[in-house]
Amino acid sequence: MKDLKNYSLLANNTFGIDVRASRFVEYDSEEELRHFLTEDTGLHAPLLSIGGGSNLLFTADFPGVVLHSAIKGMEVVRETEEWVEIRVGAGEVWDDFVAFSVSNHWYGAENLSIIPGEVGASAVQNIGAYGTEVKDLIVEVETLCVADGTSRRFTNAECQYAYRKSIFKGELKGKYVVTYVTYRLSKLPVYRLDYGNIRDELQKEGCEVNLENLRRVIIRIREAKLPDPAVIGNAGSFFMNPIIPVSQFHELQKQYPEIPNYPMGEGGIKVPAGWMIERCGWKGRALGRAAVHDKQALVLINRGGATADEIVHLSQEVVKSVKEKFGVTICPEVNFI
């Protein structure tokens, strides 16, 4: 177990903000985490559990303990002729799990290729892309209670998943630490090709529709419009796509007939935030050292040396513009710490 004081978090957040944590603890097993939670005398300090830091914006030094999982492993725990369940350590890189699934010809995770971050965070955030959300794959989430170190398993239903939401971001925020996640994948071919331009790209190549080709095409699409955090600081999609009432959407559609939309049931329509941001003139525009990415307006970037305040200010101006032009409030997907 690593236990470091006055630790720089520069390498632990993809926005590249150089802040420090009073203490950084990285554990390799449930036993190490439980020992820390139950035996450590300094646990009265604020506690923050992070994954790959790909969905965070640190606005200041963190005056407490940052916890990071290094729990590894991918193990088949149950299977039938039609599906397989894999128990994965929270510290595994998410895309390593996707690659592992594709290599074994298990279907379901491929549309979530190269989403940055780690397995534990996937279950907290309910990551999603190209018509797939991780909630569609999760069977159960194993955790330890911060208060007393006891184990608790959450079923998919108990996680209370919704669009980019879970019970771990709501009423139980900060109360449990994810240790393992079990996913169910199909052994039978199941593809989702009609979101975005996936089908068009496959047809352009004239290639067979299979897991390997689908993963390759999705990676290429994402890399073409999303900057590599190792080169340009960013946290991927900065804003959630808003879900608005059908009546409000119809009013917008009168003025903007071309507005993209995705029916979400229960009387709601999802509208792409990036589309609205771009039409407000923000795509490629900078305020100081923070900017809106020139290939994907949903992404805010650190052009080099930007402070959290600069990024926050830019995000506020973008939100204000979208509200004024469309009457729609967009909310950050990124967590401000």
Side-chain angles (χ1 to χ4, degrees), residues 27-34 37 49 51-52 68-146 149-169 172 175-193 209-215 218:
Y27 49 91
D28 298 309
S29 66
E30 283 184 306
E31 291 72 24
E32 286 187 350
L33 175 59
R34 182 178 289 109
L37 293 174
S49 183
H68 180 252
S69 174
I71 297 176
K72 303 291 186 178
M74 292 183 272
E75 175 190 10
V76 173
V77 289
R78 286 175 291 273
E79 64 181 310
T80 68
E81 292 183 357
E82 297 184 349
W83 51 259
V84 60
E85 291 182 357
I86 309 99
R87 181 176 182 250
V88 187
E92 288 282 1
V93 172
W94 167 256
D95 196 55
D96 288 350
F97 166 65
V98 178
F100 176 74
S101 302
V102 169
S103 69
N104 282 281
H105 299 98
W106 299 329
Y107 299 79
E110 58 280 353
N111 282 32
L112 305 178
S113 290
I114 69 163
I115 292 179
E118 296 175 357
V119 161
S122 79
V124 174
Q125 180 70 8
N126 185 22
I127 59 173
Y130 301 108
T132 299
E133 289 182 304
V134 79
K135 70 175 180 61
D136 303 326
L137 310 177
I138 288 176
V139 176
E140 69 175 14
V141 178
E142 297 174 50
T143 68
L144 292 188
C145 177
V146 169
T150 55
S151 301
R152 178 174 174 183
R153 295 172 182 248
F154 289 82
T155 65
N156 183 294
E158 288 172 332
C159 291
Q160 299 180 16
Y161 285 122
Y163 175 60
R164 300 297 181 272
K165 294 180 181 177
S166 73
I167 196 170
F168 308 112
K169 293 182 69 177
L172 296 185
K175 295 183 179 180
Y176 288 87
V177 179
V178 175
T179 54
Y180 288 91
V181 184
T182 299
Y183 305 92
R184 178 178 290 183
L185 301 174
S186 175
K187 291 184 176 180
L188 306 177
V190 180
Y191 299 109
R192 292 190 177 186
L193 307 178
V209 177
N210 59 37
L211 280 176
E212 291 80 5
N213 287 337
L214 180 53
R215 172 169 162 79
I218 288 174

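Residues Ser166 and Val124 come closest through the heavy atom pair OG-O, 2.6 Å. Listed here is the closest heavy atom pair of Val119 and Gly89: CB-O, 3.5 Å. Asn126 approaches Ala162 most closely through the heavy-atom pair ND2-O, 2.7 Å. Of all the heavy atoms in Ala70 and Asp28, the pair that sits closest is CB-OD1, 3.3 Å. Closest approach of Cys159 and Phe168 over heavy atoms only: SG-CE1, 3.8 Å. Taking every heavy atom of both residues into account, Ser49 and Val177 meet most closely at OG-CG1, 3.8 Å.
Counting only heavy atoms from C-beta outward, the side chains of Leu193 and Leu214 approach each other to under 4.5 Å. Between Arg184 and Trp83 there is a side-chain heavy-atom pair separated by less than 4.5 Å. Side-chain contact check for Tyr183 versus Glu85: every heavy-atom pair is 4.5 Å or farther apart. Annotation: side chain of Val181 is not in contact with side chain of Phe97 (no heavy-atom distance under 4.5 Å). Taking the side chain as every heavy atom from C-beta outward, Arg215 and Asp95 approach each other to under 4.5 Å.
Taking OH of Tyr161 as the reference point, atom CD of Glu133 lies at 10.5 Å (rounded to 0.5 Å). Separating the CD1 atom in Ile127 from the NZ atom in Lys135 is a distance of 13.0 Å, to the nearest 0.5 Å. Rounding to the nearest 0.5 angstrom, the gap separating the CG atom in Asn156 from the OG1 atom in Thr182 is 11.5 Å. Here the OG1-CD distance, from Thr143 to Glu30, works out to 9.0 Å after rounding to the nearest 0.5 Å. Residue Thr132 holds its OG1 atom at 5.5 Å from CG of Leu112, rounded to the nearest 0.5 Å. The line from OG of Ser69 to CG of Leu33 is 8.0 Å long, rounded to the nearest 0.5 Å.
A donor-acceptor pair under 3.5 Å is absent between the side-chain atoms of Arg87 and the main chain of Val77, judged by distance alone. A distance-only check finds a donor-acceptor pair linking the side chain of Asn111 to the backbone of Tyr130 [under 3.5 Å]. Panel note: side chain Ser101, backbone Trp106; no donor-acceptor pair is recorded below 3.5 Å. Put simply, the side chain of Lys187 gets close to the backbone of Thr80: a donor and an acceptor are under 3.5 Å apart. Between the side chain of Asn213 and the main chain of Val209, no donor-acceptor pair closer than 3.5 Å is present. With hydrogens and angles ignored, the 3.5 Å screen pairs no side-chain donor or acceptor of Tyr180 with any backbone N or O of Glu140. The backbone N or O of Glu142 sits less than 3.5 Å from a side-chain atom of Thr179, completing a donor-acceptor pair. In this structure a side-chain-to-backbone donor-acceptor pair under 3.5 Å is present from Glu110 to Gly108. One N or O on the side chain of Lys169 and one on the backbone of Arg164 form a donor-acceptor pair closer than 3.5 Å. With hydrogens and angles ignored, the 3.5 Å screen pairs a side-chain donor or acceptor of Arg34 with a backbone N or O of Gly149.
Counting heavy atoms of neighbouring residues, nucleotides and ligands inside a 6.0 Å radius, atom NZ of Lys165 does not exceed 12 of them.
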Task: Working for side chain to side chain contact (heavy atoms under 4.5 Å, CB included), residues Lys175 and Val146 - done: CA-CA 5 Å; Lys175 295 183 179 180; Val146 169; 5.6 Å; no
Open item on the list: Does Val134 form a side chain to side chain contact (heavy atoms under 4.5 Å, CB included) with Trp94? I'd like the steps, not just the answer.
Closed with: CA-CA 11 Å; Val134 79; Trp94 167 256; 3.7 Å; yes
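Judged as a ring-ring contact (aromatic ring centres under 6.0 Å, His included), and not counting sequence neighbours, Tyr163 has no contacts.
Ionic pairing of Arg192 and Asp136 is present here: one or more N-O contacts between side-chain nitrogen and carboxylate oxygen are shorter than 4.0 angstrom.
For Tyr191 and Tyr107, the ring centers sit closer than 6.0 Å to each other.
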